[in-house]
Undergrad: 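There's a structure below that I have some questions on.
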Amino acid sequence: MDISNIDKNFAAEKVSWEKATVYRLPCEPFEICGLLSAEPGEIKRLPDEVALQCNEPLRQMYVCPSGGRIRFCTDSEKIIIKCAEPDMLPSPHMAFTGSHCFDLYADREYIGVFRPDTSGSGKHVSRKDFYTSQGYDSLLRLHGHKMREILIHFPLYSRVDEVLIALDEGSAVSPPAPYKAEKPFVFYGTSVTQGGCVSHPGNNYPAILSRWLDSDFINLGFSDGGRGEQDMAKYIATLDMSALVLNYDGNVRNPERLSEVYEPFYRTVRDARPGLPIVFATNMFDYYGDDFTARGRDLIKEIYLRVSAEDKNVYFIDGLAAIAPYGGTDTCSVEHCHANDLGSWVYAKALEPLLRKIIFNGGL
């Protein structure tokens with residue numbers, strides 16, 4: 001059954017490349033943010049040599065461009081994305097629109113998701129062959145011919161080898177306004193930080209914070225890959241950033257192991273970046289009643305209280321407490337482990353006042 005034949009709101013608009021100007025990214029005046037490289041075939045978040053020193057899940061996830069953004073201004077009413085995605089495999093607990101699709105904001109307003117047409121009509125890939133295809137093209141329309149600032153988020157859980165953008169022929173295109181915050185936030189964490197399991201990329205909590213704070217960011221969240229290794233700490237310490245948010249305790253399931261890696265990770269970054277604000281942000285889900293989330297939270301808070309006696313640039317956010325007023329795990333997660341859109345929004349809401357003061361008040 002093709003639901004788009006029943007409810008036309010599920011159908012993707014047919015893509016027409018007629019009277020369109022095509023740009024192969026990266027190119028001016030399009031700004032690409034949040035990625036180490038956006039070159040075709042080299043789109044990734046980390047240097048290869050760093051990833052190869054880390055765990056196997058991270059080595060798989062660092063080529064997923066979570067946190068990558070395309071920014072520009074245009075008066076085009078038609079925006080087309082064409083992408084090469086070689087690994088379009090469905091996830092049973094995450095919306096395809098979050099894991100494999102780009103989304104679009106215009107003047108900070110959410111417009112929609114660039115999603116493939118799987119109806120089997122026209123030139124579009126049929127449903128039965130879709131997951132073996134090498135990519136797709138998709139069109140979204142803006143109403144009214146005027147200049148707008150465009151923000152497009154990359155997919156959260158799919159390798160992307162190439163991106164093309166097409167605009168109305170003759171339309172104006174120019175660079176975006178600079179972010180208000182000069183330096184990016186860096187988020188190091190788990191699958192929740194990477195974006196599991198929000199409905200579209202712009203609903204990931206680092207992306208929400210970026211829009212609220214008008215700040216660049218780098219997403220170093222890796223499904224089962226944020227484990228506090230020293231190689232990652234040393235790499236993160238080289239980044240020029242406004243603040244670092246650590247949210248990886250959910251990937252270090254052994255309390256003894258967490259106690260071994262957490263403070264050394266922090267100290268490696270601190271030794272290289274003496275004045276950098278560092279936020280200890282704990283996991284927000286209880287993992288099917290497992291009490292490790294609470295024990296991990298207590299351990300991290302103990303470390304925070306100890307180091308804060310000598311370091312006034314460390315801060316603490318309690319993930320369990322953040323979601324409690326909103327129904328906790330029952331309403332904020334997909335399966336007691338990954339955030340839905342509400343959980344991601346709630347976590348962003350908990351972090352926003354602190355990060356706003358860090359950026360715009362020079363610290364607390």
Side-chain angles (χ1 to χ4, degrees), residues 7-13 15 20-21 23 25 29-34 65-83 95-117 137-156 163-168 171-181 184-185 195 197-217 219 339-349 351-353 355-356 359-360:
D7 185 343
K8 300 304 180 185
N9 290 313
F10 281 99
E13 183 171 353
V15 178
T21 301
Y23 303 87
L25 302 183
F30 299 88
E31 179 180 271
I32 307 252
C33 301
S66 176
R69 282 146 289 136
I70 305 164
R71 301 175 70 234
F72 60 99
C73 294
T74 186
D75 60 358
S76 178
E77 294 185 82
K78 176 175 68 179
I79 299 179
I80 297 172
I81 282 276
K82 182 177 179 64
C83 61
F96 190 88
T97 49
S99 58
H100 291 73
C101 294
F102 297 75
D103 65 13
L104 173 67
Y105 289 74
D107 289 339
R108 300 179 177 271
E109 177 187 357
Y110 173 61
I111 303 301
V113 176
F114 292 101
R115 64 191 193 277
D117 184 342
D137 56 7
S138 182
L139 180 152
L140 289 173
R141 292 188 182 276
L142 303 171
H143 300 290
H145 187 74
K146 64 176 184 177
M147 288 296 289
R148 300 177 174 91
E149 186 160 284
I150 302 299
L151 169 63
I152 297 173
H153 296 95
F154 276 77
L156 301 170
V163 182
L164 285 76
I165 287 181
L167 306 174
D168 289 326
S171 60
V173 60
S174 61
Y179 279 115
K180 187 175 181 181
F185 291 117
C197 291
V198 297
S199 64
H200 60 92
N203 272 357
N204 191 17
Y205 80 81
I208 293 171
L209 286 163
S210 172
R211 295 193 302 277
W212 287 351
L213 298 171
D214 196 14
S215 174
D216 195 3
F217 73 96
N219 189 322
N340 56 24
D341 288 348
L342 174 61
S344 187
W345 181 88
V346 168
Y347 209 58
K349 188 173 185 292
L351 283 163
E352 188 269 343
L355 295 181
R356 183 176 295 279
I359 290 181
F360 300 115

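Note that the structure is a prediction, hence the values are computed from the model and not measured.
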Undergrad: List the residues meeting side chain to side chain donor-acceptor pair (under 3.5 Å) with His143, not counting sequence neighbours, and say none if there are none.
TA: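 Once residues adjacent in sequence are excluded, His143 has no partner under the side chain to side chain donor-acceptor pair (under 3.5 Å) criterion.
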Undergrad: Of all residues at least two apart in sequence or in a different chain, which pass the salt bridge (Lys or Arg N to Asp or Glu O under 4.0 Å) check with Asp107?
TA: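 Not a single residue meets the salt bridge (Lys or Arg N to Asp or Glu O under 4.0 Å) criterion with Asp107.
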Undergrad: Closest heavy-atom contact between Val15 and Leu139?
TA: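 Nearest pair, atom of Val15 first, then Leu139: CG2-N, 3.8 Å.
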Undergrad: Can you list everything that forms a salt bridge (Lys or Arg N to Asp or Glu O under 4.0 Å) with Arg108? Sequence neighbours excluded, please.
TA: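 Applying salt bridge (Lys or Arg N to Asp or Glu O under 4.0 Å) to Arg108 gives Asp214.
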Undergrad: Under 4.5 Å between any side-chain heavy atoms of Ile165 and Ile152, yes or no?
TA: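 With C-beta onward as the side chain, the pair touches.
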Undergrad: As an exercise, state the distance from CZ of Arg71 to CD1 of Ile150, rounded to the nearest 0.5 Å.
TA: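 The CD1 atom of Ile150 is 11.5 Å from CZ of Arg71, to the nearest 0.5 Å.
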Undergrad: Between Ser344 and Tyr205, what is the shortest heavy-atom contact and its length?
TA: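 Closest approach of Ser344 to Tyr205, heavy atoms only: OG-N, 2.7 Å.
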Undergrad: For Phe72, give me all partners under ring pair (Phe, Tyr, Trp, His ring centres under 6.0 Å), at least two apart in sequence or on another chain.
TA: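 Partners of Phe72 under the ring pair (Phe, Tyr, Trp, His ring centres under 6.0 Å) test: Phe30.
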Undergrad: Would a distance-only check, ignoring hydrogens and angles, find a side-chain to backbone donor-acceptor pair under 3.5 Å from Arg211 to Tyr105?
TA: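 Here the side-chain-to-backbone pair does not exist.
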Undergrad: Using the test side-chain contact (heavy atoms from CB on, under 4.5 Å), find all partners of Leu164 that sit at least two apart in sequence or belong to another chain.
TA: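 Leu164: side-chain contact (heavy atoms from CB on, under 4.5 Å) contacts with Val22, Arg24, Lys82, Glu162.
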Undergrad: Roughly how far, to the nearest 0.5 Å, is the CE atom of Met147 from the CG atom of Asp75?
TA: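 Reported to 0.5 Å precision, the distance equals 5.5 Å.
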Undergrad: Output all residues satisfying side chain to side chain donor-acceptor pair (under 3.5 Å) with Glu352, sequence neighbours left out; order by chain, then residue number.
TA: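 Once residues adjacent in sequence are excluded, the partners of Glu352 under the side chain to side chain donor-acceptor pair (under 3.5 Å) criterion are Arg356.
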Undergrad: Compare every heavy atom of Gly202 with every heavy atom of Ile208, then report the nearest pair and how far apart it is.
TA: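 Shortest heavy-atom contact: CG1-O, 3.6 Å.
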Undergrad: Which atoms form the tightest heavy-atom contact between Asp168 and Ser76, and what is the distance?
TA: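 Taking every non-hydrogen atom into account, N-OG, 2.9 Å.
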Undergrad: Phe102: which residues meet the ring pair (Phe, Tyr, Trp, His ring centres under 6.0 Å) condition with it, sequence neighbours left out?
TA: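 By the ring pair (Phe, Tyr, Trp, His ring centres under 6.0 Å) rule, Phe102 matches Phe154.
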Undergrad: Roughly how far, to the nearest 0.5 Å, is CG of Asp103 from CD1 of Ile111?
TA: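 Interatomic distance, Ile111 CD1 to Asp103 CG, rounded to 0.5 Å: 10.5 Å.
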Undergrad: Got a donor-acceptor contact below 3.5 angstrom from the Ser138 side chain to the Pro116 backbone?
TA: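 Between the backbone of Pro116 and the side chain of Ser138 there is no qualifying donor-acceptor contact (under 3.5 Å).
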Undergrad: How close do Cys73 and Pro176 get, heavy atom to heavy atom, and via which atoms?
TA: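 So the minimum-distance heavy-atom pair works out to SG-CA, 3.9 Å.
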Undergrad: What pair of heavy atoms forms the shortest contact from Gly195 to Leu156, and how long is it?
TA: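 Here Gly195 and Leu156 meet closest at O-CD1, 3.6 Å.
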Undergrad: How would you list, by chain and number, every residue that makes a salt bridge (Lys or Arg N to Asp or Glu O under 4.0 Å) with Asp216, sequence neighbours excluded?
TA: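 For Asp216, the residues satisfying salt bridge (Lys or Arg N to Asp or Glu O under 4.0 Å) (neighbours in sequence not counted) are Arg69.
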Undergrad: Kindly indicate whether the side chain of Trp212, heavy atoms from C-beta on, has any atom under 4.5 Å from the side chain of Leu355.
TA: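 When only atoms from C-beta onward are counted, Leu355 and Trp212 do not touch, as no gap falls below 4.5 Å.
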Undergrad: Does Glu77 have any salt bridge (Lys or Arg N to Asp or Glu O under 4.0 Å) partners at least two apart in sequence or in another chain, and if so, which?
TA: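 So Glu77 forms no salt bridge (Lys or Arg N to Asp or Glu O under 4.0 Å) with any residue.
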Undergrad: Without swapping roles, check the side chain of Thr74 against the backbone of Ala172 for a donor-acceptor pair under 3.5 Å.
TA: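 Flag set: sc Thr74 to bb Ala172 pair under 3.5 Å.
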Undergrad: Quick one: list whatever passes side chain to side chain donor-acceptor pair (under 3.5 Å) with His100, sequence neighbours left out.
TA: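 Counting only residues at least two positions away or on another chain, His100 forms no side chain to side chain donor-acceptor pair (under 3.5 Å).
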Undergrad: The criterion is side chain to side chain donor-acceptor pair (under 3.5 Å); which residues satisfy it with Asn203, sequence neighbours excluded?
TA: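 By the side chain to side chain donor-acceptor pair (under 3.5 Å) rule, Asn203 matches His200, Asp341.
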Undergrad: Are any of the side-chain heavy atoms of Ile81 and Leu104 separated by less than 4.5 Å?
TA: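 No. Closest side-chain heavy atoms not under 4.5 Å.
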Undergrad: For Tyr179, enumerate each residue passing the ring pair (Phe, Tyr, Trp, His ring centres under 6.0 Å) test, keeping only those at least two apart in sequence or located in another chain.
TA: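 Here no residue qualifies.
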Undergrad: Are any non-hydrogen side-chain atoms of Ser215 and Leu209 less than 4.5 angstrom apart?
TA: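 Counting from C-beta outward, Ser215 and Leu209 never come under 4.5 Å.
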